[in-house]
Asker: 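Quick one: this structure, given as structure tokens, is what I'll be asking you about.
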Amino acid sequence: QVQLVESGGGLVQVGGSLRLSCAASGRTFSNYAMGWFRQAPGKEREFVAASTWSGGSTPYADSVKGRFAIARDNAKNTVYLQMNSLKPEDTAVYYCAAVTFLLYSTTPTRWQYWGQGTQVTVSS
């Protein structure tokens with residue numbers, strides 16, 4: 001089992017920045033690909049970004065490309081999502097996820113473990 005705890009969400013104005021963190025515990029962090037997803041009210045959970053177990057880059061969702069960046073620190077068992085130039089449409093609950101048998105996936109159901117989520121609200 002892997003436990004994931006997100007933090008760093010909050011209320012921010014349009015154009016602002018936030019950094020989300022996801023702390024993992026329970027298994028060897030470096031064995032897992034880590035991902036960020038988000039879910040807005042009334043919408044399906046969608047892929048945002050992912051990091052392979054070795055920290056390799058993967059494609060970002062088109063809606064966040066150039067504004068968001070994922071990074072992981074295997075020594076701290078933590079993955080981050082730096083979010084810049086935030087827009088109202090970025091408002092959602094952001095979830096951290098982990099999977100051991102894939103490099104990554106944009107499909108939520110393929111991920112093994114999930115955090116509880118952290119709310120991000122971008123106000124105009």
Asker: Would you mind listing the cluster partners of Val2? Hydrophobic ones only (ILVMFWY), side-chain contacts under 4.5 Å, chaining allowed.
Answerer: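 In the cluster with Val2 are Leu4, Val12, Val14, Leu18, Leu20, Phe29, Tyr32, Met34, Trp36, Val48, Tyr60, Val64, Phe68, Ile70, Val79, Leu81, Met83, Leu86, Tyr94, Tyr113, Val120, Val122.
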Asker: Once side chain to side chain donor-acceptor pair (under 3.5 Å) is applied, do any residues pair with Ser123, and if so which ones, sequence neighbours excluded?
Answerer: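 Here no residue qualifies.
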Asker: Nearest 0.5 angstrom please: Ser7 OG to Gln116 CD, how far?
Answerer: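 If we round to the nearest 0.5 Å, Ser7:OG and Gln116:CD are 13.5 Å apart.
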Asker: What's the shortest heavy-atom distance between Thr58 and Ser51, and which atoms?
Answerer: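 It is OG1-N, 4.4 Å.
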Asker: Say whether, by atom type as modelled, one donor and one acceptor occur between the side chain of Arg72 and the main chain of Thr52 under 3.5 angstrom.
Answerer: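 A pair under 3.5 Å: yes.
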Asker: Compare every heavy atom of Ser85 with every heavy atom of Ser17, then report the nearest pair and how far apart it is.
Answerer: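 Heavy-atom minimum between the residues: OG-N, 4.3 Å.
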Asker: Is the backbone N or O of Thr100 less than 3.5 Å from a side-chain atom of Gln112, with the two atoms forming a donor-acceptor pair by type?
Answerer: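 It does hold such a pair.
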Asker: Tell me if a side-chain donor or acceptor on Thr28 pairs with a main-chain N or O of Ser30 at a distance below 3.5 Å.
Answerer: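 No: the side chain of Thr28 does not pair with the backbone of Ser30.
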Asker: So, for Tyr104 and Ala50, which heavy atoms are closest and what is the spacing to 0.1 Å?
Answerer: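 Heavy atoms only, the tightest pair is CB-CB, 3.8 Å.
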Asker: Where do Ala92 and Ala40 come nearest, in terms of heavy atoms and distance?
Answerer: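 Ala92 and Ala40 have their closest heavy atoms at CB-N, 3.8 Å.
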Asker: Restricting to salt bridge (Lys or Arg N to Asp or Glu O under 4.0 Å), what partner residues turn up for Arg67, sequence neighbours left out?
Answerer: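 With neighbours one apart ignored, the set is Asp90.
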Asker: For Arg38 and Ser63, test the side chains for any donor-to-acceptor distance below 3.5 angstrom and give the result as yes or no.
Answerer: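 Indeed, the side chains of Arg38 and Ser63 share at least one donor-acceptor pair under 3.5 Å.
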Asker: For residues 15-106, pull every pair meeting disulfide bond (SG atoms under 2.5 Å apart), keeping only residues two or more places apart or in separate chains.
Answerer: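 Qualifying pairs, neighbours excluded: Cys22-Cys96.
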Asker: Is Tyr95 linked to Tyr80 within one hydrophobic cluster, defined over Ile, Leu, Val, Met, Phe, Trp and Tyr using a side-chain heavy-atom separation of less than 4.5 Å?
Answerer: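 No, Tyr95 does not connect to Tyr80 through the hydrophobic network.
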Asker: Check the surroundings of atom CD in Glu44: do more than 12 heavy atoms from other residues, nucleotides or ligands lie under 6.0 Å from it?
Answerer: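 No, the 6.0 Å shell around CD holds no more than 12 heavy atoms from other groups.
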Asker: For Lys65, what residues pass the salt bridge (Lys or Arg N to Asp or Glu O under 4.0 Å) criterion, not counting sequence neighbours?
Answerer: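 Listed in chain order: Asp62.
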Asker: For Trp114, give me all partners under ring pair (Phe, Tyr, Trp, His ring centres under 6.0 Å), at least two apart in sequence or on another chain.
Answerer: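 Counting only residues at least two positions away or on another chain, Trp114 forms a ring pair (Phe, Tyr, Trp, His ring centres under 6.0 Å) with Phe37.
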